[in-house]
Amino acid sequence: MDLKALRDKEKRAEEVKQKAVCEKYVAERFGEKVNHWRKEHGKVWFLPVFAEDGETIEKFAIFKPINRTILNYATSKLEDSGLYGFLEAAMMECWIDGDDDIVQNDDYFIPSAQVFNKVIESKKVAFIKG
């Protein structure tokens with residue numbers, strides 16, 4: 001197994017571990033509400049902020065998938081507020097529940113905004129010249 005394959009395997013294992021931690025956390029904190037949100041929105045996204053131990057969730061948010069209406073609104077913030085204004089608007093519009101510090105406190109917002117793009121990029125597509 002080459003180094004890239006080993007890193008990919010480790011990354012997948014870490015993602016599985018983090019998802020399990022999130023599912024347990026969600027069940028304890030939100031209970032059956034999360035199943036309602038999944039039915040309402042088709043799927044939901046978890047955004048955990050892990051403590052330094054890498055296993056304890058310090059802050060947590062649940063988001064619905066982004067749609068054209070939300071994207072259009074958030075894009076209108078680009079000119080006046082830049083990229084982080086766009087990301088904040090998109091995050092607020094997709095917000096379902098969680099710790100407000102994620103969007104109100106820069107210590108949490110900046111790293112959270114950087115990974116929030118996963119909500120936007122939920123499908124992998126390619127534009128290929130034929």
Side-chain angles (χ1 to χ4, degrees):
M1 183 179 294
D2 67 358
L3 186 58
K4 182 181 181 323
L6 183 60
R7 285 186 180 149
D8 288 345
K9 183 178 178 182
E10 288 174 354
K11 182 180 177 184
R12 285 189 303 275
E14 183 65 21
E15 288 172 355
V16 167
K17 180 180 161 187
Q18 288 178 344
K19 185 172 182 178
V21 169
C22 286
E23 290 289 351
K24 181 179 180 210
Y25 183 87
V26 165
E28 292 171 359
R29 181 168 173 188
F30 301 101
E32 285 300 311
K33 287 193 263 183
V34 75
N35 291 329
H36 168 75
W37 296 326
R38 283 179 170 137
K39 287 178 187 171
E40 182 179 353
H41 302 294
K43 65 180 168 182
V44 294
W45 290 89
F46 300 150
L47 195 153
V49 177
F50 288 97
E52 290 192 26
D53 66 8
E55 295 181 17
T56 306
I57 294 177
E58 190 174 314
K59 301 290 179 183
F60 193 85
I62 299 176
F63 296 93
K64 64 183 176 182
I66 198 161
N67 61 36
R68 291 179 196 197
T69 304
I70 293 169
L71 194 56
N72 187 41
Y73 170 72
T75 303
S76 73
K77 302 295 183 187
L78 267 173
E79 189 174 317
D80 295 333
S81 303
L83 177 60
Y84 283 107
F86 162 79
L87 290 170
E88 180 180 13
M91 288 173 77
M92 293 303 297
E93 292 297 312
C94 291
W95 185 273
I96 294 175
D97 204 342
D99 298 305
D100 292 339
D101 280 346
I102 287 180
V103 289
Q104 294 177 357
N105 182 326
D106 285 348
D107 290 341
Y108 297 107
F109 172 74
I110 293 170
S112 296
Q114 292 173 359
V115 298
F116 179 76
N117 279 336
K118 289 183 180 181
V119 171
I120 297 171
E121 299 171 353
S122 64
K123 300 264 188 223
K124 298 294 179 197
V125 299
F127 192 64
I128 301 170
K129 183 177 178 182

d(Met92 CE, Ile102 CD1) to nearest 0.5 Å is 11.5 Å
Less than 4.5 Å apart, any side-chain heavy atom of Ser112 and any of Met91?
yes
May I ask you to say whether Arg38 pairs ionically with Glu23, meaning some side-chain N is under 4.0 Å from a carboxylate O?
yes
Is it true that Tyr73 and Tyr84 fall in one hydrophobic cluster, defined by side-chain heavy atoms closer than 4.5 Å?
no
Measure the spacing between NZ of Lys64 and CG of Asp97 and express it to the nearest 0.5 Å.
13.0 Å
To the closest 0.5 Å, what do you measure between OG1 (Thr75) and CZ (Arg68)?
12.5 Å
Using 0.5 Å steps for rounding, measure from the CG atom of Leu71 to the CZ atom of Phe86.
5.0 Å
With distance as the sole test, does Asp99 use its side chain to make a donor-acceptor pair with the main-chain N or O of Asp101 at under 3.5 Å?
no
Would you please say whether a donor-acceptor pair under 3.5 Å links the side chains of Glu40 and His36?
yes
In terms of hydrophobic clusters joined by side-chain contacts under 4.5 Å, are Val103 and Tyr108 together?
yes
Rounding to 0.5 Å, atoms SG (Cys22) and CD1 (Ile62) come to a distance of 9.5 Å
Please report the closest heavy-atom contact between Ala89 and Lys77, naming both atoms and the distance.
CB-CG, 3.7 Å
Near Glu32 CD, under 6.0 Å, is it more than 12 heavy atoms from other residues, nucleotides or ligands?
no
Hey, are the side chains of Trp95 and Leu47 touching, using non-hydrogen atoms and a 4.5 Å cut-off?
no
Flag the pair Lys17 / Glu55 as yes when at least one side-chain heavy-atom distance between them is below 4.5 Å, and no otherwise.
yes
Using 0.5 Å steps for rounding, measure from the CG atom of Leu3 to the CZ atom of Arg7.
4.0 Å
Is there side-chain contact between Ile110 and Gln114, with at least one heavy-atom pair below 4.5 Å?
yes
Under 3.5 Å: donor-acceptor pair, side chain of Asn67, backbone of Ile70:
yes
Transitively linked via ILVMFWY side-chain contacts under 4.5 Å: Leu6 with Val16?
no
In terms of hydrophobic clusters joined by side-chain contacts under 4.5 Å, are Val21 and Val49 together?
no
If every non-hydrogen atom of Ile57 is compared with every non-hydrogen atom of Lys59, which pair is closest and at what distance?
CG2-O, 3.3 Å
Side-chain heavy atoms nearer than 4.5 Å, only ILVMFWY residues, links allowed to pass through others: does that put Trp45 and Ile66 together?
yes
Quick check: Phe46 with Tyr25 (ring centres under 6.0 Å apart)?
no
Shortest non-hydrogen separation from Arg29 to Gly98 and the atoms involved
NH2-C, 3.7 Å
